[in-house]
Number of protein chains: 2
Amino acid sequence: MGSESKQQMVKSAAVLFRERGYSGTGFRDVIEHSGAPRGSIYHHFPGGKAELATETVRYAGSYIGAQIERLAQDGDPAAVLRAFVGWWRKLLEGSDFRAGCPVVAVAVEAHDDDAIVAATGEAFADWERALASTLRRSGATPARARRVATLCIAAIEGAVVMCRAQRSTQPLLDVGRELEQAIEAAQSG
Amino acid sequence: MGSESKQQMVKSAAVLFRERGYSGTGFRDVIEHSGAPRGSIYHHFPGGKAELATETVRYAGSYIGAQIERLAQDGDPAAVLRAFVGWWRKLLEGSDFRAGCPVVAVAVEAHDDDAIVAATGEAFADWERALASTLRRSGATPARARRVATLCIAAIEGAVVMCRAQRSTQPLLDVGRELEQAIEAAQSG
DNA sequence: GTCTATACGAAGATAGAC
DNA sequence: GTCTATCTTCGTATAGAC
(Lines give C-alpha, C1' and ligand atoms only; values in the text may rest on other atoms or scores of the structure.)
Protein backbone atom coordinates (compact mmCIF):
# COMPACT_ATOMS: atom_id res chain seq x y z
CA MET A 1 0.00 0.00 0.00
CA GLY A 2 0.98 3.61 0.22
CA SER A 3 2.74 5.52 2.92
CA GLU A 4 1.49 6.40 6.33
CA SER A 5 0.44 9.95 5.61
CA LYS A 6 -1.26 9.01 2.36
CA GLN A 7 -3.42 6.47 4.14
CA GLN A 8 -4.18 9.00 6.81
CA MET A 9 -5.28 11.54 4.21
CA VAL A 10 -7.68 9.02 2.69
CA LYS A 11 -9.17 8.23 6.08
CA SER A 12 -9.60 11.91 6.88
CA ALA A 13 -11.16 12.55 3.49
CA ALA A 14 -13.74 9.85 4.22
CA VAL A 15 -14.63 11.47 7.52
CA LEU A 16 -14.86 14.94 5.98
CA PHE A 17 -16.74 13.83 2.86
CA ARG A 18 -19.46 12.19 4.88
CA GLU A 19 -20.11 15.46 6.69
CA ARG A 20 -19.45 18.17 4.12
CA GLY A 21 -19.48 16.34 0.81
CA TYR A 22 -16.85 16.28 -1.91
CA SER A 23 -16.89 19.88 -3.16
CA GLY A 24 -17.38 21.09 0.38
CA THR A 25 -14.10 19.54 1.46
CA GLY A 26 -10.84 21.15 0.42
CA PHE A 27 -7.29 19.86 0.52
CA ARG A 28 -6.79 22.37 3.27
CA ASP A 29 -9.30 20.57 5.48
CA VAL A 30 -7.85 17.17 4.67
CA ILE A 31 -4.34 18.31 5.59
CA GLU A 32 -5.48 19.85 8.84
CA HIS A 33 -7.62 16.88 9.85
CA SER A 34 -5.04 14.25 8.97
CA GLY A 35 -1.98 16.09 10.20
CA ALA A 36 -0.27 15.12 6.95
CA PRO A 37 2.34 17.48 5.51
CA ARG A 38 1.11 19.99 2.95
CA GLY A 39 3.91 19.43 0.54
CA SER A 40 3.10 15.79 -0.02
CA ILE A 41 -0.35 16.19 -1.51
CA TYR A 42 0.61 16.01 -5.15
CA HIS A 43 3.33 13.55 -4.43
CA HIS A 44 0.77 11.07 -3.15
CA PHE A 45 -2.06 12.12 -5.43
CA PRO A 46 -0.64 13.29 -8.75
CA GLY A 47 -4.16 13.26 -10.15
CA GLY A 48 -5.17 15.91 -7.64
CA LYS A 49 -8.44 16.01 -5.78
CA ALA A 50 -10.19 13.62 -8.15
CA GLU A 51 -7.63 10.93 -7.38
CA LEU A 52 -8.04 11.50 -3.65
CA ALA A 53 -11.80 11.14 -4.08
CA THR A 54 -11.48 7.93 -6.07
CA GLU A 55 -9.22 6.36 -3.49
CA THR A 56 -11.40 7.54 -0.67
CA VAL A 57 -14.48 5.96 -2.20
CA ARG A 58 -12.57 2.71 -2.74
CA TYR A 59 -11.37 2.77 0.84
CA ALA A 60 -14.79 3.51 2.32
CA GLY A 61 -16.43 1.05 -0.05
CA SER A 62 -14.25 -1.86 0.94
CA TYR A 63 -14.35 -0.88 4.60
CA ILE A 64 -18.15 -0.99 4.68
CA GLY A 65 -18.17 -4.06 2.45
CA ALA A 66 -15.91 -5.81 4.93
CA GLN A 67 -18.33 -4.95 7.74
CA ILE A 68 -21.14 -6.62 5.83
CA GLU A 69 -19.09 -9.71 5.08
CA ARG A 70 -17.95 -9.97 8.67
CA LEU A 71 -21.54 -9.74 9.90
CA ALA A 72 -22.64 -12.26 7.30
CA GLN A 73 -20.26 -14.93 8.56
CA ASP A 74 -22.19 -15.72 11.70
CA GLY A 75 -25.77 -14.82 11.01
CA ASP A 76 -28.83 -15.09 8.83
CA PRO A 77 -29.78 -12.17 6.56
CA ALA A 78 -32.10 -10.63 9.12
CA ALA A 79 -29.31 -10.56 11.68
CA VAL A 80 -26.95 -8.97 9.17
CA LEU A 81 -29.56 -6.34 8.45
CA ARG A 82 -30.12 -5.55 12.10
CA ALA A 83 -26.41 -5.22 12.73
CA PHE A 84 -25.93 -3.06 9.66
CA VAL A 85 -28.79 -0.79 10.72
CA GLY A 86 -27.28 -0.59 14.19
CA TRP A 87 -23.94 0.40 12.70
CA TRP A 88 -25.49 3.33 10.83
CA ARG A 89 -27.55 4.31 13.83
CA LYS A 90 -24.42 4.56 15.92
CA LEU A 91 -22.72 6.74 13.33
CA LEU A 92 -25.71 9.06 13.08
CA GLU A 93 -26.16 9.46 16.82
CA GLY A 94 -22.44 9.64 17.50
CA SER A 95 -22.07 12.54 15.08
CA ASP A 96 -25.25 14.32 16.19
CA PHE A 97 -26.65 13.56 12.72
CA ARG A 98 -23.84 15.31 10.93
CA ALA A 99 -22.24 12.27 9.33
CA GLY A 100 -23.69 10.15 6.55
CA CYS A 101 -22.26 7.83 3.93
CA PRO A 102 -19.12 9.09 2.17
CA VAL A 103 -19.86 7.02 -0.93
CA VAL A 104 -23.30 8.58 -1.30
CA ALA A 105 -21.83 12.02 -0.70
CA VAL A 106 -19.40 11.60 -3.56
CA ALA A 107 -21.92 9.84 -5.80
CA VAL A 108 -24.40 12.73 -5.77
CA GLU A 109 -21.72 15.27 -6.70
CA ALA A 110 -19.58 13.43 -9.22
CA HIS A 111 -21.18 14.19 -12.53
CA ASP A 112 -18.19 14.59 -14.77
CA ASP A 113 -15.43 12.28 -13.59
CA ASP A 114 -15.74 8.73 -14.87
CA ALA A 115 -13.23 7.22 -12.45
CA ILE A 116 -15.04 8.60 -9.43
CA VAL A 117 -18.43 7.51 -10.69
CA ALA A 118 -17.09 4.02 -11.42
CA ALA A 119 -15.67 3.74 -7.91
CA THR A 120 -19.02 4.63 -6.34
CA GLY A 121 -20.80 2.12 -8.56
CA GLU A 122 -18.41 -0.64 -7.59
CA ALA A 123 -18.81 0.09 -3.90
CA PHE A 124 -22.57 -0.32 -4.10
CA ALA A 125 -22.20 -3.48 -6.18
CA ASP A 126 -19.84 -4.97 -3.59
CA TRP A 127 -22.23 -4.44 -0.74
CA GLU A 128 -25.11 -5.80 -2.78
CA ARG A 129 -23.17 -8.95 -3.66
CA ALA A 130 -22.26 -9.61 -0.03
CA LEU A 131 -25.86 -9.24 1.10
CA ALA A 132 -27.28 -11.25 -1.79
CA SER A 133 -25.07 -14.23 -1.01
CA THR A 134 -26.45 -14.49 2.52
CA LEU A 135 -29.97 -14.32 1.14
CA ARG A 136 -29.27 -17.13 -1.27
CA ARG A 137 -27.77 -19.22 1.50
CA SER A 138 -30.97 -18.89 3.46
CA GLY A 139 -33.29 -20.00 0.68
CA ALA A 140 -34.01 -17.09 -1.62
CA THR A 141 -33.80 -17.60 -5.36
CA PRO A 142 -30.76 -15.93 -6.94
CA ALA A 143 -32.84 -13.31 -8.76
CA ARG A 144 -34.88 -12.45 -5.72
CA ALA A 145 -31.80 -12.41 -3.51
CA ARG A 146 -30.20 -9.84 -5.76
CA ARG A 147 -33.29 -7.63 -5.86
CA VAL A 148 -33.86 -7.74 -2.13
CA ALA A 149 -30.19 -6.99 -1.52
CA THR A 150 -30.50 -3.95 -3.77
CA LEU A 151 -33.62 -2.92 -1.89
CA CYS A 152 -31.81 -3.18 1.45
CA ILE A 153 -28.81 -1.13 0.36
CA ALA A 154 -30.93 1.50 -1.36
CA ALA A 155 -33.41 1.80 1.50
CA ILE A 156 -30.76 2.03 4.21
CA GLU A 157 -28.74 4.61 2.29
CA GLY A 158 -31.87 6.61 1.64
CA ALA A 159 -32.92 6.32 5.26
CA VAL A 160 -29.55 7.61 6.44
CA VAL A 161 -30.08 10.73 4.36
CA MET A 162 -33.57 11.16 5.78
CA CYS A 163 -32.28 10.68 9.33
CA ARG A 164 -29.80 13.50 8.91
CA ALA A 165 -32.49 15.73 7.44
CA GLN A 166 -34.95 15.03 10.23
CA ARG A 167 -32.35 14.69 12.95
CA SER A 168 -33.89 11.42 14.05
CA THR A 169 -33.14 7.73 13.72
CA GLN A 170 -36.81 6.99 13.16
CA PRO A 171 -36.60 6.61 9.36
CA LEU A 172 -33.75 4.12 9.71
CA LEU A 173 -35.56 2.10 12.36
CA ASP A 174 -38.80 2.05 10.37
CA VAL A 175 -36.98 1.02 7.23
CA GLY A 176 -35.09 -1.70 9.10
CA ARG A 177 -38.32 -3.13 10.42
CA GLU A 178 -39.97 -3.25 7.01
CA LEU A 179 -36.87 -4.68 5.37
CA GLU A 180 -36.97 -7.59 7.79
CA GLN A 181 -40.39 -8.43 6.42
CA ALA A 182 -39.08 -8.28 2.89
CA ILE A 183 -36.19 -10.57 3.78
CA GLU A 184 -38.53 -13.02 5.42
CA ALA A 185 -40.80 -13.04 2.39
CA ALA A 186 -37.83 -13.66 0.09
CA GLN A 187 -36.72 -16.67 2.08
CA SER A 188 -40.01 -18.50 1.83
CA GLY A 189 -41.58 -17.11 -1.32
CA MET B 1 -43.75 34.52 -4.25
CA GLY B 2 -41.22 36.99 -5.52
CA SER B 3 -40.19 38.33 -8.85
CA GLU B 4 -39.66 36.60 -12.13
CA SER B 5 -35.89 36.40 -11.98
CA LYS B 6 -35.89 35.23 -8.38
CA GLN B 7 -38.15 32.33 -9.26
CA GLN B 8 -35.98 31.55 -12.22
CA MET B 9 -32.86 31.48 -10.05
CA VAL B 10 -34.50 28.99 -7.71
CA LYS B 11 -35.48 26.75 -10.59
CA SER B 12 -31.98 26.88 -12.03
CA ALA B 13 -30.47 26.15 -8.64
CA ALA B 14 -32.61 23.02 -8.40
CA VAL B 15 -31.37 21.83 -11.79
CA LEU B 16 -27.75 22.56 -10.94
CA PHE B 17 -27.88 21.16 -7.40
CA ARG B 18 -29.19 17.83 -8.61
CA GLU B 19 -26.17 17.47 -10.90
CA ARG B 20 -23.32 19.15 -9.04
CA GLY B 21 -24.56 19.41 -5.48
CA TYR B 22 -24.75 22.45 -3.25
CA SER B 23 -21.08 23.33 -2.75
CA GLY B 24 -20.37 22.42 -6.35
CA THR B 25 -22.76 25.07 -7.60
CA GLY B 26 -21.76 28.72 -7.42
CA PHE B 27 -23.84 31.86 -7.82
CA ARG B 28 -21.97 32.28 -11.05
CA ASP B 29 -23.49 29.08 -12.42
CA VAL B 30 -26.95 29.97 -11.22
CA ILE B 31 -26.78 33.39 -12.86
CA GLU B 32 -25.58 31.95 -16.13
CA HIS B 33 -28.11 29.16 -16.19
CA SER B 34 -31.06 31.29 -15.23
CA GLY B 35 -30.20 34.35 -17.25
CA ALA B 36 -30.97 36.44 -14.19
CA PRO B 37 -29.09 39.69 -13.67
CA ARG B 38 -25.95 39.49 -11.51
CA GLY B 39 -26.75 42.55 -9.47
CA SER B 40 -29.96 41.19 -8.07
CA ILE B 41 -28.59 38.22 -6.17
CA TYR B 42 -28.39 39.84 -2.76
CA HIS B 43 -31.48 41.84 -3.40
CA HIS B 44 -33.51 38.64 -3.76
CA PHE B 45 -31.48 36.56 -1.32
CA PRO B 46 -30.16 38.80 1.46
CA GLY B 47 -29.16 35.66 3.34
CA GLY B 48 -26.81 34.72 0.51
CA LYS B 49 -26.28 31.23 -0.77
CA ALA B 50 -27.79 29.56 2.28
CA GLU B 51 -31.05 31.36 1.64
CA LEU B 52 -31.02 30.34 -2.00
CA ALA B 53 -30.46 26.73 -0.92
CA THR B 54 -33.30 26.82 1.58
CA GLU B 55 -35.73 28.20 -0.97
CA THR B 56 -34.55 25.77 -3.60
CA VAL B 57 -35.15 22.81 -1.31
CA ARG B 58 -38.60 24.15 -0.45
CA TYR B 59 -39.40 24.62 -4.13
CA ALA B 60 -38.15 21.17 -5.16
CA GLY B 61 -39.78 19.59 -2.13
CA SER B 62 -43.22 20.96 -2.85
CA TYR B 63 -42.83 20.32 -6.57
CA ILE B 64 -42.12 16.63 -6.03
CA GLY B 65 -44.72 16.47 -3.27
CA ALA B 66 -47.29 17.83 -5.69
CA GLN B 67 -46.37 15.12 -8.19
CA ILE B 68 -47.06 12.46 -5.57
CA GLU B 69 -50.37 14.00 -4.57
CA ARG B 70 -51.45 14.33 -8.17
CA LEU B 71 -50.63 10.69 -8.84
CA ALA B 72 -52.38 9.68 -5.65
CA GLN B 73 -55.67 11.20 -6.72
CA ASP B 74 -56.52 8.60 -9.29
CA GLY B 75 -54.75 5.46 -8.25
CA ASP B 76 -53.98 2.89 -5.61
CA PRO B 77 -50.60 2.98 -3.83
CA ALA B 78 -49.00 0.54 -6.26
CA ALA B 79 -49.97 2.73 -9.19
CA VAL B 80 -48.57 5.78 -7.43
CA LEU B 81 -45.33 3.92 -6.83
CA ARG B 82 -45.05 2.84 -10.45
CA ALA B 83 -45.64 6.34 -11.70
CA PHE B 84 -43.18 7.79 -9.23
CA VAL B 85 -40.54 5.27 -10.24
CA GLY B 86 -41.22 6.07 -13.87
CA TRP B 87 -40.76 9.76 -13.15
CA TRP B 88 -37.30 9.20 -11.68
CA ARG B 89 -36.38 6.83 -14.45
CA LYS B 90 -37.18 9.47 -17.01
CA LEU B 91 -35.04 12.02 -15.20
CA LEU B 92 -32.09 9.63 -14.95
CA GLU B 93 -32.22 8.54 -18.57
CA GLY B 94 -32.97 12.01 -19.84
CA SER B 95 -29.88 13.39 -18.14
CA ASP B 96 -27.63 10.45 -19.04
CA PHE B 97 -27.52 9.64 -15.32
CA ARG B 98 -26.16 13.02 -14.37
CA ALA B 99 -29.20 14.31 -12.49
CA GLY B 100 -30.47 13.04 -9.16
CA CYS B 101 -32.61 14.50 -6.40
CA PRO B 102 -31.81 18.10 -5.43
CA VAL B 103 -33.15 17.61 -1.91
CA VAL B 104 -30.84 14.66 -1.31
CA ALA B 105 -27.94 16.60 -2.79
CA VAL B 106 -28.42 19.42 -0.33
CA ALA B 107 -29.20 17.11 2.58
CA VAL B 108 -25.89 15.26 2.38
CA GLU B 109 -23.88 18.49 2.34
CA ALA B 110 -25.72 20.69 4.81
CA HIS B 111 -24.09 19.97 8.13
CA ASP B 112 -24.01 23.35 9.75
CA ASP B 113 -27.05 25.31 8.62
CA ASP B 114 -30.19 24.60 10.61
CA ALA B 115 -32.58 26.26 8.17
CA ILE B 116 -31.33 24.19 5.26
CA VAL B 117 -31.43 20.96 7.23
CA ALA B 118 -34.96 21.73 8.41
CA ALA B 119 -36.11 22.37 4.84
CA THR B 120 -34.78 19.00 3.67
CA GLY B 121 -36.44 17.25 6.59
CA GLU B 122 -39.78 18.85 5.81
CA ALA B 123 -39.58 17.87 2.17
CA PHE B 124 -39.11 14.21 3.01
CA ALA B 125 -41.89 14.39 5.61
CA ASP B 126 -44.26 15.88 3.02
CA TRP B 127 -43.67 13.10 0.53
CA GLU B 128 -44.03 10.48 3.22
CA ARG B 129 -47.35 11.93 4.38
CA ALA B 130 -48.76 11.97 0.87
CA LEU B 131 -47.79 8.36 0.25
CA ALA B 132 -48.95 7.18 3.68
CA SER B 133 -52.42 8.60 3.14
CA THR B 134 -52.94 6.53 0.00
CA LEU B 135 -51.77 3.44 1.86
CA ARG B 136 -54.26 4.06 4.64
CA ARG B 137 -57.04 4.57 2.13
CA SER B 138 -56.34 1.16 0.69
CA GLY B 139 -56.46 -0.73 3.94
CA ALA B 140 -53.12 -0.44 5.72
CA THR B 141 -53.06 0.43 9.40
CA PRO B 142 -51.89 3.97 10.14
CA ALA B 143 -48.62 2.81 11.71
CA ARG B 144 -47.82 0.41 8.92
CA ALA B 145 -48.79 2.95 6.27
CA ARG B 146 -46.34 5.41 7.71
CA ARG B 147 -43.51 2.88 7.87
CA VAL B 148 -44.07 1.58 4.35
CA ALA B 149 -44.26 5.13 3.03
CA THR B 150 -40.90 5.85 4.66
CA LEU B 151 -39.51 2.68 3.13
CA CYS B 152 -40.69 3.72 -0.33
CA ILE B 153 -39.21 7.21 -0.15
CA ALA B 154 -35.93 6.00 1.33
CA ALA B 155 -35.54 3.11 -1.10
CA ILE B 156 -36.34 5.17 -4.18
CA GLU B 157 -34.01 7.98 -3.15
CA GLY B 158 -31.27 5.47 -2.42
CA ALA B 159 -31.90 3.70 -5.70
CA VAL B 160 -31.59 6.96 -7.63
CA VAL B 161 -28.13 7.46 -6.14
CA MET B 162 -27.19 3.89 -7.06
CA CYS B 163 -28.48 4.34 -10.60
CA ARG B 164 -26.25 7.35 -11.12
CA ALA B 165 -23.28 5.47 -9.72
CA GLN B 166 -23.85 2.42 -11.89
CA ARG B 167 -25.19 4.32 -14.87
CA SER B 168 -28.16 2.01 -15.07
CA THR B 169 -31.83 2.11 -14.14
CA GLN B 170 -31.66 -1.46 -12.86
CA PRO B 171 -31.46 -0.58 -9.15
CA LEU B 172 -34.53 1.63 -9.45
CA LEU B 173 -36.50 -1.02 -11.34
CA ASP B 174 -35.52 -3.76 -8.88
CA VAL B 175 -36.42 -1.59 -5.94
CA GLY B 176 -39.75 -0.66 -7.52
CA ARG B 177 -40.63 -4.30 -8.01
CA GLU B 178 -39.85 -5.23 -4.42
CA LEU B 179 -41.64 -2.19 -3.04
CA GLU B 180 -44.79 -3.31 -4.80
CA GLN B 181 -44.64 -6.50 -2.77
CA ALA B 182 -44.21 -4.50 0.42
CA ILE B 183 -47.21 -2.35 -0.46
CA GLU B 184 -49.32 -5.38 -1.20
CA ALA B 185 -48.34 -6.97 2.10
CA ALA B 186 -49.22 -3.79 3.98
CA GLN B 187 -52.70 -3.65 2.44
CA SER B 188 -53.72 -7.11 3.59
CA GLY B 189 -51.58 -7.74 6.67
C1' DG C 1 9.01 12.91 0.79
C1' DT C 2 8.45 17.20 2.29
C1' DC C 3 9.21 22.15 2.21
C1' DT C 4 8.06 27.23 0.79
C1' DA C 5 6.42 30.23 -2.33
C1' DT C 6 3.34 31.39 -5.62
C1' DA C 7 0.23 31.42 -9.62
C1' DC C 8 -4.38 32.05 -11.01
C1' DG C 9 -9.07 31.70 -10.94
C1' DA C 10 -13.27 31.45 -8.42
C1' DA C 11 -15.73 31.69 -4.29
C1' DG C 12 -19.19 34.52 -1.41
C1' DA C 13 -20.18 39.00 -0.12
C1' DT C 14 -20.51 44.31 0.11
C1' DA C 15 -20.70 49.30 -1.43
C1' DG C 16 -22.47 52.76 -3.89
C1' DA C 17 -24.17 54.53 -8.40
C1' DC C 18 -28.18 54.56 -11.34
C1' DG D 1 -34.10 46.13 -9.22
C1' DT D 2 -30.09 46.11 -11.40
C1' DC D 3 -25.44 47.71 -12.41
C1' DT D 4 -20.20 47.77 -11.79
C1' DA D 5 -16.44 47.58 -9.03
C1' DT D 6 -14.11 45.72 -5.39
C1' DC D 7 -12.78 43.12 -1.06
C1' DT D 8 -11.21 39.01 1.01
C1' DT D 9 -10.79 34.43 1.36
C1' DC D 10 -10.31 30.23 -0.54
C1' DG D 11 -9.88 26.80 -4.19
C1' DT D 12 -6.63 23.62 -6.92
C1' DA D 13 -2.35 23.26 -8.81
C1' DT D 14 2.70 24.05 -9.93
C1' DA D 15 7.81 25.15 -9.44
C1' DG D 16 11.87 24.47 -7.48
C1' DA D 17 14.73 24.01 -3.19
C1' DC D 18 16.10 20.70 0.28
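Please read these numbers as outputs of a predicted model, since none were measured by experiment. We name chains A, B, ... by the order of the sequence lines, and we start the count at 1 in each one.
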Query raised in the report: B:Q8 has an atom CD; how far is it from atom C1' of D:dG1, in whole Å?
Result: 17 Å
Query - Distance, rounded to the nearest Å, where B:E51 contributes CD and C:dA13 contributes P - result: 11 Å
Report summary line: Rounded to whole Å, OH of A:Y22 lies from C1' of D:dT12 at a distance of 10 Å
Requested in this report: Mind calculating the distance between CD (A:E4) and C1' (C:dG1) to the nearest angstrom?
Outcome: 14 Å
Output side-chain donor-acceptor pairs under 3.5 Å for residues 74-92 of chain B, partner residues at least two apart or in another chain, one line each.
from: B:R82; atom 1: NH1; to: B:E180; atom 2: OE1; distance (Å): 2.7
from: B:R82; atom 1: NH1; to: B:E180; atom 2: OE2; distance (Å): 3.4

Return a table of donor-acceptor pairs under 3.5 angstrom between the side chains of residues 182-189 of chain B and protein atoms on other chains or two or more places apart.
from: B:Q187; atom 1: NE2; to: B:S138; atom 2: OG; distance (Å): 3.1
from: B:S188; atom 1: OG; to: B:E184; atom 2: O; distance (Å): 3.3

Query raised in the report: Looking only at atom types and distance, does a side-chain atom of A:K49 sit under 3.5 Å from a main-chain N or O of A:T25, one as donor and one as acceptor?
Result: yes
Query raised in the report: Given D:dG1, is OP1 or OP2 found less than 4.0 Å from the side-chain N or O atoms of B:H43?
Result: yes
Query raised in the report: Which of the following nucleotides, C:dC3, C:dA13, D:dT2, is nearest to the side chain of A:P37?
Result: C:dC3
Query raised in the report: How do A:P46 and A:G24 order along DNA chain D: which one's closest nucleotide is nearer the 5' end?
Result: A:G24
Requested in this report: State whether B:H44 places a side-chain N or O below 4.0 Å from either non-bridging phosphate oxygen (OP1 or OP2) of D:dT2.
Outcome: yes
Query raised in the report: Between C:dT2, C:dA13, D:dT2, which nucleotide has the shortest distance from any of its atoms to the side chain of B:S40?
Result: D:dT2
Query - Side-chain (A:R164) to main-chain (A:R98) donor-acceptor, under 3.5 angstrom - result: yes
Requested in this report: Inspect the contact between B:D174 and B:R177 and indicate whether a charged nitrogen and a carboxylate oxygen are less than 4.0 angstrom apart.
Outcome: no
Report task. Please determine, for the side chain of A:Y42, which listed nucleotide (D:dG1, C:dG12, D:dA13) has the closest atom? Result -> D:dA13
Query raised in the report: Has B:S5 got a side-chain N or O lying under 4.0 Å from the OP1 or OP2 atom of D:dT2?
Result: yes
Report task. Could you encode protein contacts along nucleotides 4-11 of chain C as a string, one character per nucleotide from 5' to 3', using B for base contact, S for sugar-phosphate-only contact and - for no contact, with a heavy-atom cut-off of under 4.0 Å? Result -> ------SS
Report summary line: Picking from C:dG1, D:dT12, D:dG1, the nucleotide nearest the side-chain atoms of A:S3 would be C:dG1
Query - Separation of D:dT14 P from A:F45 CZ (nearest whole Å) - result: 15 Å
Query raised in the report: Taking B:E178 for the side chain and A:L151 for the main chain, is one N or O donor matched with an acceptor at less than 3.5 Å?
Result: no
Query raised in the report: Is a side-chain donor or acceptor of A:S12 paired with a backbone partner of A:M9 at a separation under 3.5 angstrom?
Result: no
